[in-house]
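So the structure is just underneath, and the comments pick up after that.
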Protein chains: 2
Amino acid sequence: MHFLNMLSCDNPLTLCAMDVSFIQSLILFCSLIWGLGAQSPENKTIPNIIIMLMDDMGWGDLGIFGQPSKETPNLDSMAAQGMLFPNFYSANPLCSPSRASLLTGRLPVRNGFYTTNGHARNAYTPQEIVGGISKDEILLPQVLKKKGYINKIIGKWHLGHRPQHLPLERGFDEWFGAPNCHFGPYNNSDRPNIPVYKNSQMVGRYYEEFRIDKKTGESNLTQIYLKEGLDFIYHQAMARQPFFLYWAADATHAPVYASKHFLGKSQRGRYGDAVLEMDYSVGQILDSLHVLGIDKDTFVFFTSDNGAAVMSGPKQSGSNGPFLCGKETTFEGGMREPAIAWWPGRIPAGTVSQQLGTVMDLFSTSLSLAGLNVPDDRAIDGLDLNPVLHNNTLINRPIFYYRGNEMMAVRVGPYKAHYWTWSNSWEEFNKGIDFCPGQEVAGVTTHIQKEHTMQPIIFHLGRDPGEKYPISVVTKEYQEALSQITPVVDKHKQDLVPGEPQLNMCDMAVMNWAPPGCEQLRKCLKAPKSQPWKCDWPH
Amino acid sequence: MHFLNMLSCDNPLTLCAMDVSFIQSLILFCSLIWGLGAQSPENKTIPNIIIMLMDDMGWGDLGIFGQPSKETPNLDSMAAQGMLFPNFYSANPLCSPSRASLLTGRLPVRNGFYTTNGHARNAYTPQEIVGGISKDEILLPQVLKKKGYINKIIGKWHLGHRPQHLPLERGFDEWFGAPNCHFGPYNNSDRPNIPVYKNSQMVGRYYEEFRIDKKTGESNLTQIYLKEGLDFIYHQAMARQPFFLYWAADATHAPVYASKHFLGKSQRGRYGDAVLEMDYSVGQILDSLHVLGIDKDTFVFFTSDNGAAVMSGPKQSGSNGPFLCGKETTFEGGMREPAIAWWPGRIPAGTVSQQLGTVMDLFSTSLSLAGLNVPDDRAIDGLDLNPVLHNNTLINRPIFYYRGNEMMAVRVGPYKAHYWTWSNSWEEFNKGIDFCPGQEVAGVTTHIQKEHTMQPIIFHLGRDPGEKYPISVVTKEYQEALSQITPVVDKHKQDLVPGEPQLNMCDMAVMNWAPPGCEQLRKCLKAPKSQPWKCDWPH
């Protein structure tokens, strides 16, 4: 029997939030009875791995990263007990490619999560996308299985929603969540609502069985995801089973939501309420590791998939702190992420690492922790961060900022060189879509795709994290920085073998009309006739 | 004998930095020998007070407030041991008025530190200013003397440099520092270099006896100020003498400087080097309180005089984090300040207060700590923060944002209403003087003085700390916010009795030609004939 099922907290879920001390007591009690307590299972040498990936959360949303409201006590504590990474990056300024990179350890341009329909266009996996993660890619949970890990994803998948692309086909043993964003509600006639899956079967749809009230912002989804997470951890701990939990809750993605208990509680409005609930959930998960006595056997990493979606306005988006622009752009606000590593007794508490890191490093680092090698038949962009985590070593490595098929910028040490600049088109901008609200930097946040390959715009991100003061090209500093950067870019371009682009084709027929499991639920919908087209990616 | 004089660390001062553990051992040794140790003096009920006021340091310059470089370990520790104030304000976006307000507990428009030469102009105390702090104002150290405090100011005074305005005339017992900014070097013929005072006598001039190398950024002034501070604290502790130390080092004001040991050590360039040295100095001062056993008897407050001077560019200025614009403006970047209160055993460690505070509160709070009342014959803008410090109470109070003689904006709860907006004139802006680099917000960062008194621009600073999304005037939220704000503004304007403006007149004859003490040093210069004029304040 699932211990959480013993609690009558399905409805209202606010009770769940209130009952956590009871849950903790219960876990402790069970642990003592069953003789686990704080002991590590014998001979256990490989740690559990938990990756908590936020959706559109910005660097500046955490107290520890300077959010004025300071409403993330659990994340701030996590940092105080672990290692903070102020220079950590997504692999892309957009959700799907960044998530594909996290699980493959490879840049989107290599793993295929990009488009060639236009130059430097952001592409992702809406319902009408035909593609998904290529069968030729090797995903983290697939490799972890070699060492007996049980792998679960909770929340948003976003690597393709057609049957062959779903998590259980790609190394995960369990899933609770959805394949696409929680956009909607849709009418189910020209567009179906997004299904929610339990493992390989749908169990309902957003806005139907899984309510999101767009008017009030109320939804208990985060509480469900939390419960799913705690339950999974508990069972693996009881079974002394090494596990990988990929906890990808999405409440901070527009339309943002929170459960009743958290609504109206933050100083920041609805977005802040969602952050409060995420922070609370992180705290609950870490607490459960303590109580189950597996905290010293579990590596936990917290980060986000891309920068805050500042184009959505202050009620639906977060903060990128001092950084320029946000999601969709290759300025720092689009790709600099909050990041915390936590592993009591192994990662020194209260440390700050200035290592340049990316979500792709979680692939390499996790495999290294599990005693596994990364695939040797392909280029891997992820770095094994273990020397950083254990000895606060600094490893020299560049960061590449891609938009679709174009390397827009590169960071080497404190210097960032922009080879292409673009926020979005004048056409979109004039419609009110603003990726850089209140942050126009002349010649930098351009509304045409501007090429600077002959003379990149260079910033010193140490003294100018906001990318507001380009270094003059006539200075010695510019020339020296460029001379460091050029060979890195040349080598990267020389070695690069772009993957087959997976995000070029769209078709209304591939949408979530009749996901597996719809029959039992009588929720199958009729698909229209297939009429594929080249997807239009406007920015 | 001054214990610090026993150390041969006058030159090179880098040795000082290295020898601190020796100094600490020495202090500890002396303390033990002399029987002070960790004991509090008997019957001592009033605490020592230390106010550390930074110059042009921004909210975003501290790790704890989100500086990506995380190079302020001592300040971050201070916050971890004390109370952090993310909503703390200067009294003005400019140095002199803000400092006058700190010491009088009154807005510049009341204490006279403003100008009526133009509408909404920032005025300060350059050498040619005729005025200074009015004799009718009551300064914090003057009141503290009633309870037997010994008062010292170290660093920048900035409340007038003519003899009648100097610190020892206004309640301070000791001074080491300068009356004006460390601008220069000057030629001493049409403009004298700024004198450095020890108490009531000059002991040299900047760029002469007190070197600042503008090319390399090297100066040992911060080390001198640190030494002065440690020495003063030590002697008062030995004498069991309650003291007030106003430590106003100015290395973070352009031209920024640092001593040799710190130059080139930060990730942020020269400005970051100056911050490193400030952070180090704060750590040394707090450590000395511990070692002398008076930490539990000493209230320490750290803050800055105004926002980072972002118009000076990234090599000479700091960061305002997520806030709009900087020094000289009444946007958040001009007046939101880093702020930390520290008093081990009295202020709960690791707390965050969302109280709206201002530097003027340091006047009222300090007097309350000393068991003194604020003057009852005049309006006092400062709030006694003791209930906040001890019980994390929240006191409802507005923040007024003045520029010269005009109330530009007001904050009530999370809402800020702008009644006037102005960054600077087109004329200045077109010359390249930019108070909001990379941060133009249409209709907000205006280059003309724009009146909005009939319909203020309102922001919600919780979800929009960067003042980028004005709340639509047709919303219920706007109307409700305005209905809260209007009576606060009406009352303020009704009760306001502006003080006599002290910063209207300039005269080359009043400059620092022949400060007291110049005769002995043979450093008196000849003043030109008096030709007063109404000072021109361009912004």
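Chain identifiers are assigned alphabetically (A, B, ...) following the order of the sequence lines, protein sequences preceding nucleic acid strands; residue numbering begins at 1 within each chain. Just so it is clear, the model here is predicted, and its values are computed rather than measured.
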field: Option that, when pairs with chain A are counted at under 4.5 Å, heavy atom only, ranks first among Asp464(B), Ile64(B), Leu461(B), Asp76(B)
entry: Ile64(B)
Shortest non-hydrogen contact between Tyr469(B) and Pro437(A), atoms and distance: OH-CG, 3.0 Å
Part of Pro414(A) within contact of chain B (heavy atom distance under 4.5 Å): neither
statement: Most contact-rich option vs chain B, by heavy-atom pairs under 4.5 angstrom, among Pro68(A), Gly66(A), Pro314(A), is Pro314(A)
Contacting moiety of Tyr271(A), where chain B heavy atoms sit under 4.5 Å: neither
statement: chain B shares the most heavy-atom pairs under 4.5 Å, among Arg336(A), Lys315(A), His460(A), with Lys315(A)
- request: Give, as side chain, backbone, both or neither, the part of Val444(A) having an atom under 4.5 angstrom from any heavy atom of chain B.
  value: neither
message: So for atom CG, which belongs to Asn430(A), do other residues, nucleotides or ligands contribute more than 12 heavy atoms lying within a distance under 6.0 Å?
response: yes
task: Against chain A, work out which of Arg268(B), Gln439(B), Arg463(B), Lys70(B) has the most heavy-atom pairs shorter than 4.5 Å and name it.
output: Arg463(B)
statement: Turns out that what part of Glu477(A) lies under 4.5 Å from chain B's heavy atoms comes down to side chain
field: chain B contact via Gln354(A) - which portion, at a heavy-atom distance below 4.5 Å
entry: side chain
message: Can you tell me if Lys265(A) has over 12 outside heavy atoms packed within less than 6.0 Å of its NZ?
response: yes
statement: Heaviest contributor of heavy-atom pairs below 4.5 Å to chain A, chosen from Pro465(B), Gly313(B), Gly60(B), Gly272(B), is Gly313(B)
- prompt: Any idea which of Phe323(A), Trp59(A), Phe65(A) has the most non-hydrogen atom pairs under 4.5 angstrom with chain B?
  reply: Trp59(A)
- request: Considering only heavy atoms and a distance below 4.5 Å, find which of Leu62(A), Leu324(A), Val310(A) pairs most often with chain B.
  value: Val310(A)
query: What distance separates Cys436(B) SG from Lys468(A) NZ, expressed to the nearest 0.5 Å?
result: 10.5 Å
